[in-house]
There are 2 protein chains.
Amino acid sequence: MSAAEPKPVSMFDVARRAGVSHQTVSRVVNDAPMVAAATRAKVKAAIADLGYRPNRSARTLAGGTVRSVTVFTFDTSLYGTAETLRGIEDAASAAGFTVLVSVLDPEQTYTEGDILGRLSHDGAPAIVIAHDETTHRARRILRKAQPGAVVATGDDMLLAEPDADDWLVPLDDRLVAKRATKYLLSMGHRTVHYLAMPGKARRQDGWSEALVEAGIEPHEVVRSGWTIGSAAAAAAGLVADPEVTAIMCGNDDLAFGVLHAAHHAGRSIPGDLSVIGCDDSPMAAYHVPGLTTVDLDFRGVGRSAFELLRQRLEGGPKPRPAWRSPELIVRETSGPPRQRGPHPL
Amino acid sequence: MSAAEPKPVSMFDVARRAGVSHQTVSRVVNDAPMVAAATRAKVKAAIADLGYRPNRSARTLAGGTVRSVTVFTFDTSLYGTAETLRGIEDAASAAGFTVLVSVLDPEQTYTEGDILGRLSHDGAPAIVIAHDETTHRARRILRKAQPGAVVATGDDMLLAEPDADDWLVPLDDRLVAKRATKYLLSMGHRTVHYLAMPGKARRQDGWSEALVEAGIEPHEVVRSGWTIGSAAAAAAGLVADPEVTAIMCGNDDLAFGVLHAAHHAGRSIPGDLSVIGCDDSPMAAYHVPGLTTVDLDFRGVGRSAFELLRQRLEGGPKPRPAWRSPELIVRETSGPPRQRGPHPL
DNA sequence: ATGAAAGCGCTAACAC
DNA sequence: GTGTTAGCGCTTTCAT
């Protein structure tokens, strides 16, 4: 039943087989110069014959270049984080890096040791997808311990942190929310309500800024959890109120929850109520009615975060940001408010 | 700008500080017996003072117990894989294991070396979330190379493989699809069409079995990609055909695509057309109309996969499967076919 | 262009 | 109980 696992082949085995020293093998493996073409060929043949693969632990321990990234994130099943992770993975595997994922529980409080202990070793490169309190804390701990090997993605507020340019791939959450709110206002809504997800305070800032600039006093924010269900529950009061004609939501999932609640409250979309999401998740286009939202290129952000990290690690020119800028996508859940009162004309 | 990264503290530093040998520190760190309480306390104090954290690479290299798992999967943004991954992560981090994620591109063909080279070292424990050709191939390669350290999740067809009991956490895709199809048949549909996603042949098997047992000749399967959009496109012909009264879909996302296409084709749900999904993703309950689907406990499967791996690694009693069995969840997209023909009464 | 020696931080095996 | 000695597989530095 339990097959014997053959002893793995090491650099020395290859060396013996090729009739050279293990050091020469190392040179070949690492594409170092100063190896005769003939020797190189012999070694490569031996590597192929034996099926040799370098041991990453040994390489890391010996102080070789680290080719792995640890990604700290708080929920791999949310659209935004999943896509960011995908972007990181794409870029990382193209560059021959291994990706380690370390999931942080928002409910838990981690000590410095907890966070740093998740790295394979001190100084291991890391990317933090920072979107809530716990991940922000992890970002601070990691940046403090090893500033040269940590980059993060997060909202534009982080731009205020020291040297943010060097380590941040920012998403302008404030601007995104502001633009969406302004659009709703431009359709003629008297005000826009905001359904907030945990963290992500900047989206709320953008929303209230847009209102204030238009001379409107923002209503109190309604708070939701991360799930569609919690959004549906949180929005129950909002959708029941005929005075509410426009709701902007922290993300698409929350918007779907609101839409569900609105439907069950008998409100017609967008006649009675405009709803706008954020993220442009795949469902947004295929929901009926189509969800108006803002396209956010999380995958591009992930790729950029990796490139930035690599530049920090290996030097070289600062990579230029390579993600699409956010774009409002108007579909069918938004429109002008229906005329009310006794004189529709 | 670039702060000096302090030299990491090693076991020897702790040993010196505590006035013991590095070996004693190792014993304390690994909770080995044979350490005097007083010594243990001294060492723990030194560890805390110095902020010492063990180096995983060194530990792995020195042959200590490996506390990491590499998860091979093909798309972390799909609901099923994302949830399975979450389950693995939950169980793994509770057990003090690090999770590494290795994403395989379905479009690519990997050599044995490519796959094995993604492990941190030969023999490193791995879990394969096997749901398509590429991941199945990875599973075979890994199982062959190191049978003692690889488990997989996948459909029940794998039960036919040698020793499957020892390494497989099966999801009975055949039964799930069969049950859903039977339910549709029981509502009075003359036949049920199937919209397939790539791979996952067993769901198709279950569907056709149910039909054959009912004496119905299955129609040709319609094939879709993984995205909602591809499902909507693939289902265009199906939803345009008034003879089609029931469609079972490979998963919920495909079902949403079908629903979208059906809506645009002007068909009413479930009057003209019943649609059933698979997975019970969070959206299913909040879609309007609510999607009839089958609840699959991917998170439980992930947890079980990890527990099984751990048992393989460390011995001990075989863990009993700890995931909810699939359950049909009837919501609003399914019902009896509307009476047709000239004499409704 | 190649080899030899040293050591990364840790655990295992054996001493005391 | 605790310390000592050897490596694990690799990359460095320094010879040659």
Side-chain angles (χ1 to χ4, degrees), chain A residues 5-44 46-47 50-68 98 116-117 119-124, chain B residues 5-44 46-47 50-68 98 116-117 119-124:
Chain A
E5 324 248 337
K7 188 185 174 302
V9 2
S10 84
M11 205 165 245
F12 285 87
D13 301 322
V14 176
R16 198 173 316 114
R17 168 78 155 237
V20 299
S21 79
H22 79 279
Q23 189 44 245
T24 301
V25 177
S26 172
R27 290 191 179 100
V28 171
V29 168
N30 294 301
D31 280 318
M34 308 284 101
V35 180
T39 314
R40 188 180 295 272
K42 257 194 320 194
V43 171
K44 287 207 161 160
I47 288 178
L50 264 29
Y52 166 73
R53 271 155 297 109
N55 180 320
R56 279 178 214 259
S57 300
R59 197 195 292 242
T60 303
L61 187 57
T65 338
V66 185
R67 294 184 89 67
S68 76
T98 303
L116 297 173
L119 296 172
S120 75
H121 58 100
D122 270 341
Chain B
E5 324 249 337
K7 186 181 175 303
V9 2
S10 84
M11 204 165 247
F12 286 87
D13 301 322
V14 176
R16 197 173 317 113
R17 168 78 156 237
V20 299
S21 78
H22 78 278
Q23 189 47 245
T24 300
V25 177
S26 172
R27 290 189 180 104
V28 171
V29 167
N30 294 299
D31 279 319
M34 307 284 101
V35 180
T39 314
R40 189 179 296 272
K42 258 195 320 197
V43 171
K44 288 208 161 160
I47 289 178
L50 264 30
Y52 165 74
R53 269 154 296 108
N55 180 319
R56 277 179 217 260
S57 299
R59 185 182 289 200
T60 302
L61 186 59
T65 338
V66 186
R67 293 184 89 69
S68 75
T98 303
L116 297 173
L119 296 173
S120 74
H121 59 100
D122 271 341

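These numbers were taken from a predicted model, which means no experiment stands behind them. In what follows, chains carry the letters A, B, and so on, assigned in the order in which the sequence lines appear, proteins first and then strands, with residues in each chain numbered from 1.
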Could you please spell out the steps behind the side-chain contact (heavy atoms from CB on, under 4.5 Å) verdict for B/V20 and B/R27? CA-CA 11 Å; B/V20 299; B/R27 290 189 180 104; over 6 Å; no

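Using a 4.0 Å heavy-atom distance criterion, A/P33 is classed as making no nucleic acid contact. Here B/T39 lies in heavy-atom contact (under 4.0 Å) with sugar-phosphate atoms only. Using a 4.0 Å heavy-atom criterion, one finds that B/R27 contacts the bases of the nucleic acid, with or without backbone contacts as well. At a threshold of 4.0 angstrom between heavy atoms, the contacts of A/V29 with the nucleic acid are absent.
Side-chain N/O atoms of B/T24 include one lying less than 4.0 angstrom from OP1 or OP2 on D/dG3. For C/dC8, the OP1/OP2 oxygens have no side-chain nitrogen or oxygen of B/S57 closer than 4.0 Å. Phosphate contact (OP1/OP2 of D/dT11, side-chain N/O of A/N30, threshold under 4.0 Å): present. The side chain of B/S21 contributes an N or O atom lying less than 4.0 Å from OP1 or OP2 of D/dG3.
Comparing C/dT11, D/dC10, D/dT2 by their nearest atom to the side chain of A/R59 picks out D/dC10. Picking from C/dT11, D/dC10, C/dT2 the nucleotide with the shortest atom distance to the side chain of A/V35 gives C/dT2. Among C/dC10, D/dG1, D/dG9, the nucleotide with an atom closest to any side-chain atom of B/A36 is D/dG1. When distances run from any side-chain atom of B/A58 to the nucleotides C/dT11, D/dC10, C/dG9, the shortest one goes to C/dG9. Distances were taken from every side-chain heavy atom of A/S26 (C-beta onward) to each of C/dG3, C/dT11, D/dT11; the shortest belongs to D/dT11. Comparing D/dC10, C/dC10, C/dA4 by their closest approach to the side chain of A/Q23 singles out C/dA4.
A donor and an acceptor atom, one from each side chain of A/R56 and A/T98, are located under 3.5 Å apart.
Between the CZ atom in A/R67 and the OG1 atom in A/T60 there is a gap of 11.0 Å [rounded to 0.5 Å].
Side chain B/H22 to base C/dT11: a donor-acceptor pair is found below 3.5 Å.
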